[in-house]
Novice: 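Sending over a structure as structure tokens; questions will come in a sec.
In what follows, chains are A, B, ... by sequence order, proteins preceding strands, each numbered from 1.
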2 protein chains.
Amino acid sequence: MKILLVEDEPKVSAFIKRGLEEEGFEVEVAYDGRFGRQLALSHAYELIILDVILPYFSGLEVLEAIRAQDQQTPVLMLTALGTTQDKLHGFGGGADDYLVKPFDFPELVARVRALTRRRGQQAKSAVLQFEDLTLDSAAKTVTRAGQPLKLTAREFGLLELLLRHPGRVLSRAELAADVWEDSFDAGSNVVDVYVNYLRNKVDKPFPRKLIHTVVGMGYVLRAQE
Amino acid sequence: MKILLVEDEPKVSAFIKRGLEEEGFEVEVAYDGRFGRQLALSHAYELIILDVILPYFSGLEVLEAIRAQDQQTPVLMLTALGTTQDKLHGFGGGADDYLVKPFDFPELVARVRALTRRRGQQAKSAVLQFEDLTLDSAAKTVTRAGQPLKLTAREFGLLELLLRHPGRVLSRAELAADVWEDSFDAGSNVVDVYVNYLRNKVDKPFPRKLIHTVVGMGYVLRAQE
DNA sequence: CTTCAACCAGCAGAATTTTCATGGGAAAAG
DNA sequence: CTTTTCCCATGAAAATTCTGCTGGTTGAAG
């Protein structure tokens, strides 16, 4: 994984890039706020080092754009000013560390190491919910009314799709296309069979039914009859 | 959880203590290195703020004593000197951040927040635990029900990853990506083989099984069936 | 009210996929 | 050079997935 360095002064950026590369990091450089923002949003970096003073967008604006879509990647801000005003603004905006120029290179390395070392796998669990039914698509767990349900892979895929579109009627073709991908036979009743399996596990043990049949159209996830 | 502040100048310590308390932190103060070390080693703190210059023991000596028995608690060093020599010494000794006196109070608060926040999110303690299974990722030791287990490097890596995400189903791809890094063949069954090795050592000798397979999805660490 | 066609639920066993558990050989460590 | 660790390959076992079928329901036309 790479480090993104956004710094407009060629001397400084070259110095940092070379130094970090000697320490075994891979470094990519952007020379202005516009390009920096673009790279930061389109690639995954291990760490982003942002100068505050940049052409087009300031480092703080870039930081804001990054945090709007990604909370995870650590960001280290560089500033020529030791003014606390800036520092707080940066921390408030989601920066993980701050360094005041001029800085000692070994200190930069120390902070870079601290920030990259720390990144554990932050499991982003995308949790879908409907009524008392909960599905964690990352952890692959499902619960209803607090009770864990044991589903097979197909059942899970089917329920996930239904949960992604609560209240919407999904045709057999739509369900098959998503859950069975390309390999599915139009004349088959697999979908029906699996909806049935799902009902046995998800609806049967509970009084309120969530999976409903719409004759001639398909199936829906919804509360009432 | 409290913050421990080790600072001998009464004016400074009172100022910091009051200020942090206004921000909602609980603060305990020690006025010399000896007492500071004693408190740090005998209580669990959320963060320890250490002045470098102290009576009896220096802040660096206290830090060393802390790190000898606890890698986890974040430590913020305060120094009157801006000399890089000191800074590196502190980072090398295991400090998590550094602040040069005189500092702006808001900046201290910002760094304190960063350090306490980070810890909460991460919960990346060196020792992972689940049920009666314990793994110390720093010491590379594993015990179950008090008995030490002898694992190979791969087995250890695999168990560590499972232990980091208890209850979450991890796919073979996820496991392979983390434990085998880039060098792994998708068509291989290495993961299965190593899960089997792990089970022989971790689960087989014990009545309660912890590693479970979820057919079509991957493996989980969890208590029940 | 009856009939008919389309549609759907549910089952049971066959087919397929996935996983387990080994043995053996290559590579690395001691 | 011996031991340990690592990985591949294989067949057996287990679990899931699918097919084909029966019977029930619905709704519209006669």
Novice: Atom CG of B:Leu158 and atom P of D:dT5: how far apart are they, to the nearest Å?
Specialist: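 Rounded to whole Å, this separation is 16 Å.
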Novice: Rounded to the nearest angstrom, tell me the gap between atom NZ in A:Lys209 and atom C1' in C:dA9.
Specialist: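 It works out to 14 Å between those atoms.
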Novice: Between the side chains of B:Ser188 and B:Arg172, does any donor sit under 3.5 Å from an acceptor?
Specialist: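 The criterion, which ignores hydrogens and geometry beyond distance, is not satisfied for B:Arg172 and B:Ser188.
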Novice: Can you give me the closest heavy-atom contact between A:Ala153 and B:Gly216, atom names plus distance?
Specialist: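 Scanning both residues completely, I find the closest heavy atoms to be CB-O, 4.1 Å.
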Novice: For the CZ atom on B:Phe130, are there more than 12 heavy atoms of other groups (residues, nucleotides or ligands in this structure) within a distance under 6.0 Å?
Specialist: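 Yes - once you tally the heavy atoms of other residues, nucleotides and ligands closer than 6.0 Å, there are more than 12.
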Novice: Kindly say if B:Trp180 contacts the phosphate of D:dC6, meaning a side-chain N or O under 4.0 Å from OP1 or OP2.
Specialist: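 For B:Trp180, the contact criterion (side-chain N or O under 4.0 Å from OP1 or OP2 of D:dC6) is not met.
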Novice: For the residue pair B:Arg154 / B:Tyr197, report whether a side-chain donor-acceptor contact shorter than 3.5 Å exists.
Specialist: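 Judged by distance alone, the side chains do not pair up.
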Novice: Any idea which heavy atoms bring A:Lys201 and A:Glu155 closest together, and the distance?
Specialist: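 Closest pair (atom of A:Lys201, atom of A:Glu155, distance): NZ-OE1, 2.8 Å.
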Novice: Looking at five pairs on each end of the helix from C:dC1-D:dG30 to C:dG30-D:dC1, what is the angle between the two axes, given to 10 degrees?
Specialist: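 End-to-end axis angle: 30°.
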Novice: Can you check whether A:Ser188 has a side-chain N or O nearer than 4.0 Å to OP1 or OP2 of D:dC18?
Specialist: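 Indeed not, no polar side-chain atom of A:Ser188 lies that close.
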Novice: Tell me the interatomic distance from A:Ile211, atom CD1, to C:dA9, atom P, rounded to whole angstroms.
Specialist: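 Those two atoms, CD1 and P, are 11 Å apart.
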Novice: List the protein contact pattern of nucleotides 15-25 of chain C with one symbol per nucleotide (5' to 3'): B for base contact, S for sugar-phosphate-only contact, - for none; contact means a heavy-atom distance under 4.0 Å.
Specialist: ---SSSBB---
Novice: Salt bridge (Lys or Arg N to Asp or Glu O under 4.0 Å), that's the test. Do A:Glu26 and A:Lys17 meet it? Break it down for me.
Specialist: CA-CA 8 Å; A:Glu26 264 190 285; A:Lys17 178 177 158 73; over 6 Å; no
Novice: Between B:Tyr56 and B:Glu61, is any side-chain donor less than 3.5 angstrom from a side-chain acceptor?
Specialist: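 No, because no side-chain N or O of B:Tyr56 sits under 3.5 Å from a partner of the opposite role on B:Glu61.
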Novice: For residues A:Tyr31 and A:Glu9, is any side-chain donor paired with an opposing acceptor at under 3.5 Å?
Specialist: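 Side chains of A:Tyr31 and A:Glu9: no pair found under 3.5 Å.
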Novice: DNA chain D: A:Tyr194 or B:Lys201, which has the more 5' nearest nucleotide?
Specialist: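 Looking at DNA chain D, the more 5' nearest nucleotide goes with B:Lys201.
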